[in-house]
Amino acid sequence: MEDFLWWRDGVIYQVYPRSFVDSNGDGFGDLRGIIAKLDYLAFLRIDGLWLSPIYPSPDKDFGYDVADHTAVDPRYGTMEDFDTLVAEAHKRGIRVILDMVLNHTSDQHPWFVESRSSREDPKRDWYLWQEGPNNWASVFGGSGWVYDEATGQYYFHMFLKEQPDLNWQNPEVRQAQLEVFRFWLERGVDGFRLDVFNAYFKHPGFEDNPSRFGLRRFDRQIHVNDMDRPEMMPLLGELRSLLDSYLERYSVGEPFMPTIEKTAHYAGEGKLHTAFHFFYDDMSLIPKWGANHFRRQMLELGKASGGVYLPALAMNNHDSTRTASRYCRGEDDANARIAMALLLTVRGTPFIYYGEEIGMRNISLSRKEIMDPVGRYYWPVIKGRDGCRAPMQWNDSPQAGFSTGKPWLKLHPDYTKRNVAAQENDASSMLNFTRRLIALRKEYRALRDGGIIFLEPPQKDVLAYLRLSPKGTILVGLNFSNKSRKLDLPPGDWQPLLTTHGRDVNISSEMELAPNEVSLLKSS
Ligand code: NOJ
């Protein structure tokens with residue numbers, strides 16, 4: 001493929017390691033398990049693999065409370081396993097992206113243990129210690145400050161109290177963190193996903209946040225002093241120079257409290273390669289769905305990015321409701337297919353969350369089964385994130401082929417029918433649909449880095465756009481309605497490339513999209 005750059009033109013797949021494959025029967029996914037499934041990812045034609053945290057962790061926030069940034073948690077395997085994973089992935093043309101959780105550490109991290117030991121400790125200032133709390137809150141509930149009896153001061157935590165925030169204003173912290181990147185770069189890691197990177201820096205004078213209307217304490221503040229601080233920008237420059245001193249390395253930021261403007265602010269030359277745009281807002285009670293909803297986001301993203309960077313796009317991840325649970329009714333995958341087609345054909349780098357390609361649904365949990373600290377604190381208003389973290393459904397054998405032991409989290413009961421093995425053998429499955437779309441991205445440059453023009457279909461339920469390249473144009477038509485809809489085609493010799501509704505004739509100036517149809521046409 002001409003000029004193919006993996007992080008710009010490729011498709012990235014997120015693995016939540018504890019839920020992907022368990023190779024040793026302890027019920028917990030591991031690195032050897034992931035290695036065993038690299039051929040599956042190659043079959044899907046994935047270009048990059050993002051691993052949610054694999055570091056030692058007391059697991060208060062399921063790995064996002066890191067106790068050592070440069071080691072592998074023994075439950076996942078060894079550093080040797082990790083090196084094998086990188087080597088085997090590279091053999092298949094798959095790049096490896098690590099999750100860097102650097103806003104905070106676990107309270108068990110040696111840095112915090114030292115910092116907490118006395119006011120005079122050299123690492124005291126590596127965290128945010130104060131005589132008294134200000135109004136900053138924890139997004140996981142309550143005040144963000146905890147009183148530490150032993151030394152008589154408070155420390156700040158944006159997330160759990162077991163996740164104290166680092167003091168990035170301290171140059172030693174900055175240096176130590178850049179060393180963490182260097183450590184993994186030297187091991188051949190290709191890229192990094194930066195967890196809540198825009199919260200690294202806090203107001204140096206600890207000023208209160210202004211108030212506003214909101215439900216949770218955290219939402220009743222305008223977060224100008226505990227995130228999105230201007231001090232962030234030079235750090236991004238420094239990080240980018242470090243990454244650029246290696247070949248084809250990549251960074252993708254997870255903006256905390258994301259907006260399109262934030263994504264644009266932090267990505268581009270001398271900054272991060274890109275930042276996420278999430279197509280959904282999990283806090284809205286009724287999920288928004290429809291042609292206009294997505295068209296508006298893409299137009300705003302296009303304007304904000306101004307061609308300077310390509311947004312990283314996601315329909316779901318380990319913090320959100322699964323796409324199919326958000327948009328589909330029962331076992332009908334029609335809307336999940338529309339969402340997948342959109343993700344893989346608009347302008348941006350698509351991220352697929354494990355299981356999304358087979359239309360996995362959230363599991364439901366009773367109150368006593370909830371493990372996620374967010375769900376425990378806010379139940380029943382917010383039920384937490386366990387629902388989207390269930391074991392991958394590989395086949396219909398006991399434990400879905402995920403493990404030979406008892407899985408750490410329960411399986412979705414639909415696994416006996418909805419699984420990779422069943423869908424591999426079904427030409428019309430969601431899996432084969434996804435695979436075909438990825439293959440088309442590889443085949444047609446227009447779908448990877450072509451310009452995008454949105455059409456104005458006569459009926460509002462249709463989202464239609466052209467992807468343009470000097471070698472040809474692709475038209476994507478998505479019918480969000482469960483009724484047939486008309487689509488006027490621009491002049492061209494349109495031939496079907498892929499459709500959910502079997503079409504084999506050439507199409508002239510007008511076409512009728514079947515209910516919920518996805519159609520890709522090409523014109524040379
Ligand atoms: C964002 C991560 O995606 C989420 O899972 C985690 O709880 C918080 N950051 C804190 O690290």
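Whatever order the structure lists ligands and atoms in, that order sets their numbers, starting from 1.
Closest to atom 6 (C) of ligand 1 among all protein heavy atoms lies D61 OD2, 3.3 Å. Among all non-hydrogen protein atoms, the one lying nearest atom 1 (C) of ligand 1 is D195 OD1, 2.9 Å. Protein heavy atom closest to atom 5 (O) of ligand 1, with residue, atom name and distance, is D319 OD1, 2.7 Å. What sits closest to atom 8 (C) of ligand 1 on the protein, heavy atoms only, is F159 CE2, 3.8 Å.
If you number the atoms of ligand 1 from 1 as listed, the ones under 4.0 Å from a heavy atom of H318 come out as 2 (C), 3 (O), 4 (C), 5 (O). Numbered from 1 in the order shown, with element, the atoms of ligand 1 that lie under 4.0 Å from a heavy atom of E254 read 1 (C), 3 (O). Applying the 4.0 Å criterion to heavy atoms of R385 picks out, from ligand 1, the atoms 4 (C), 5 (O), 6 (C), 7 (O). Less than 4.0 angstrom separates some heavy atom of V196 from each of these atoms of ligand 1: 9 (N).
No close placement of the H157 and F159 rings is indicated, their centers lying 6.0 Å or farther apart. Taking the six-membered ring wherever Trp is involved, the centroid distance between the rings of F82 and W184 falls below 6.0 Å.
Residue K60 places every heavy atom at 4.0 Å or more from ligand 1. Proximity of F256 to ligand 1 is not established, as no heavy-atom distance is less than 4.0 Å. Under a 4.0 Å heavy-atom criterion, H104 is in contact with ligand 1.
A ring pair (Phe, Tyr, Trp, His ring centres under 6.0 Å) with W168 holds for exactly one of Y127, Y200, W126; it is Y200.
The side-chain heavy atoms of F197 and L272, taken from C-beta on, include a pair separated by under 4.5 Å.
Stacking of R124 on the aromatic ring of W129 is recorded, both the 6.0 Å distance cut-off and the 45° axial limit being met. Figure legend: cation-pi geometry between R18 and W408, with NZ or CZ positioned under 6.0 Å from the six-membered ring centre and within 45° of its axis. For the pair K37 and W394, the cation-pi test (distance below 6.0 Å, angle within 45°) is passed.
The residue M158 has no part lying near ligand 1, judged by heavy-atom distances below 4.0 Å. Residue-level proximity to ligand 1 for F140 is carried by the side chain, the only part with a heavy atom below 4.0 angstrom.
Nearest heavy atoms, E207 versus N134: O-ND2, 3.9 Å.
The number of heavy atoms from other shown groups lying within 6.0 Å of NZ (K383) does not exceed 12.
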